[in-house]
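Here the structure is laid out as structure tokens; the discussion comes afterwards.
Bear in mind the structure is a predicted one, so any value in this text is a computation, not a measurement. Order of appearance sets the numbers: ligands from 1, and atoms from 1 within every ligand.
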Amino acid sequence: MKGRFGSYGGQYVPEIVMPALMELEAAYEQFRDDPKFLADFDFYLKQYAGRPTMFYAADKLTAHYGRAKIYLKREDLLHTGAHKINNALGQAILAKRMGKSKIIAETGAGQHGVASATAAALFDMDCTVFMGVEDIERQKLNVFRMKLLGAEVHPVKSGTGTLKDATSEAIRYWATHVTDTYYLIGSVVGPHPYPTLVRDFQKCIGQEIRADSIKTFGRLPDYVVACVGGGSNAMGTFYDFKDEPAVKKIGVEAGGRSDAVGDNAKTLSGTGRPGVLHGAYSYVLQTDVGQIIEAYSISAGLDYPGVGPEHSFMKDAGVAQYVAVTDQEALDGFKLLSRLEGIIPAMESSHAIAYLDKLMPSTTADEVVVVCLSGRGDKDVQMVARAMGVEI
Ligand SMILES: *Cc1c(COP(=O)(O)O)cnc(C)c1O
């Protein structure tokens with residue numbers, strides 16, 4: 001069925017949003033296989049973002065565990081420091097082709113706001129980023145970054161003043177300004193066609209891992225591991241291997257500070273159940289009556305109470321497996337990679353690294369594990385210092 005992954009996905013939006021979604025759907029159908037569009041996207045991925053990213057043999061990390069060989073897919077080396085730029089460039093190019101002059105985006109921690117503002121600056125478009133007042137207060141550095149890049153930050157006071165309120169406000173704005181405005185969503189979430197188009201703009205990660213693997217060790221890896229917030233870097237990593245059961249796909253969610261309600265973001269690996277959030281049917285952290293439970297994680301990029309619908313499908317179909325590590329385990333992963341390899345990972349990516357502690361003992365020396373290092377950790381240093389009780 002169109003726009004569905006099994007029973008997940010769909011377009012659960014107010015009627016007023018449907019014309020905007022239908023216009024986007026038609027445009028994406030037109031451009032997704034257009035050689036000129038794809039060449040344009042490819043050009044900016046290579047010349048601006050820095051693709052292909054390195055495929056790094058983490059020999060010291062490998063020696064630390066003494067089991068399978070570990071490779072890191074270095075999305076952290078991309079322009080603006082994470083995989084988010086892949087998607088922001090793809091959607092900005094699409095917006096341009098659709099004749100839109102303005103981009104709007106929602107952001108929580110500010111990382112997607114910065115990626116969107118970057119793409120808007122590059123393509124000479126206006127950019128407004130919707131952000132909860134609470135998040136604006138917590139993420140002053142990214143707010144200033146967005147303004148430097150020429151974006152306007154629109155404070156959202158409703159609800160709890162966080163990401164979900166900013167998203168609702170962005171959708172409302174889009175519905176009434178669709179003639180000149182493109183809504184740039186930051187992960188494989190939201191109503192159809194977003195989960196599909198964001199996945200298509202991120203699938204270069206897995207395609208490169210396939211080529212890197214063949215070139216480096218002559219076959220496909222045994223495991224690919226990635227962290228899961230909304231699920232875009234994980235979907236980008238998994239998608240090219242979706243029909244390869246020999247490549248085990250592991251998504252790592254945020255286990256937060258405990259398994260208690262509201263203390264984690266274990267949507268797929270914990271107590272999430274199918275429901276509706278931000279226009280899609282997918283696993284969601286919710287109460288018995290379907291109210292959304294606010295997620296928590298030490299890592300701002302992972303504390304989302306939903307997940308992309310294609311991940312829900314992959315979980316039920318057994319295509320991928322979803323697990324979680326706690327805040328503390330992720331902090332240990334952060335320190336481990338910094339000390340062993342001289343690479344300071346994003347706290348989000350540190351969750352994928354931390355899962356190696358659980359995975360590696362069951363692997364053998366002739367196997368290969370690839371971890372998607374979704375971003376760099378410069379943005380998290382202050383927070384990690386605080387968590388370690390260090391005054392900077
Ligand atoms: C935003 C972010 C994530 C989480 O988003 P996904 O859509 O799940 O990939 C993970 N890592 C980094 C570095 C991020 O900035």
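Taking a cut-off of under 4.0 Å to the non-hydrogen atoms of Ala346, the atoms of ligand 1 that pass are 13 (C). Per-residue contacts place Ser232 under 4.0 angstrom from the following atoms of ligand 1 (heavy atoms of the residue considered): 6 (P), 7 (O), 8 (O), 9 (O). Residue-ligand proximity, Ser374 to ligand 1, at heavy-atom distances under 4.0 Å covers atoms 10 (C), 11 (N), 12 (C), 13 (C). Here is the list of ligand 1 atoms found below 4.0 Å of a heavy atom in Gly375: 13 (C). Residue Gly229 approaches ligand 1 through these ligand atoms, each under 4.0 Å from one of its heavy atoms: 8 (O).
Distances between N or O atoms of Gly231 and those of ligand 1 include at least one value under 3.5 Å. Residue Gly230 has at least one N or O atom closer than 3.5 Å to an N or O atom of ligand 1. The shortest N or O to N or O distance between His83 and ligand 1 is under 3.5 Å.
The ring of Tyr71 has its center closer than 6.0 angstrom to the ring center of Phe55.
Of the protein's non-hydrogen atoms, the one nearest atom 1 (C) of ligand 1 is Lys84 NZ, 1.4 Å. Of the protein's heavy atoms, Glu348 CB, 3.4 Å lies nearest to atom 10 (C) of ligand 1. Protein heavy atom at the shortest distance from atom 4 (C) of ligand 1 is Gly301 O, 3.4 Å.
Shortest non-hydrogen contact noted between Thr162 and Glu134 is CG2-CB, 4.1 Å.
Defined by atom type and a distance below 3.5 Å, a donor-acceptor pair is missing between the side-chain atoms of Asp212 and Tyr56. Remark: the Gln202 side chain and the Asn86 side chain contain an N/O donor-acceptor pair separated by less than 3.5 Å.
Residue contact annotation: Cys227 has a non-hydrogen atom under 4.0 Å from ligand 1.
Identified under the ring pair (Phe, Tyr, Trp, His ring centres under 6.0 Å) test for residues 115-138, with sequence neighbours left out: Tyr44-Phe123, Phe130-His154, Phe130-Tyr173.
Checked for salt-bridge contact, Asp263 and Arg257 meet the test: a charged N lies under 4.0 Å from a carboxylate O.
Atom CE of Met22 has 12 or fewer neighbouring heavy atoms from other residues, nucleotides or ligands inside a 6.0 Å radius.
Hydrophobic clustering, with ILVMFWY side chains joined whenever heavy atoms are under 4.5 angstrom apart, keeps Val307 apart from Leu302.
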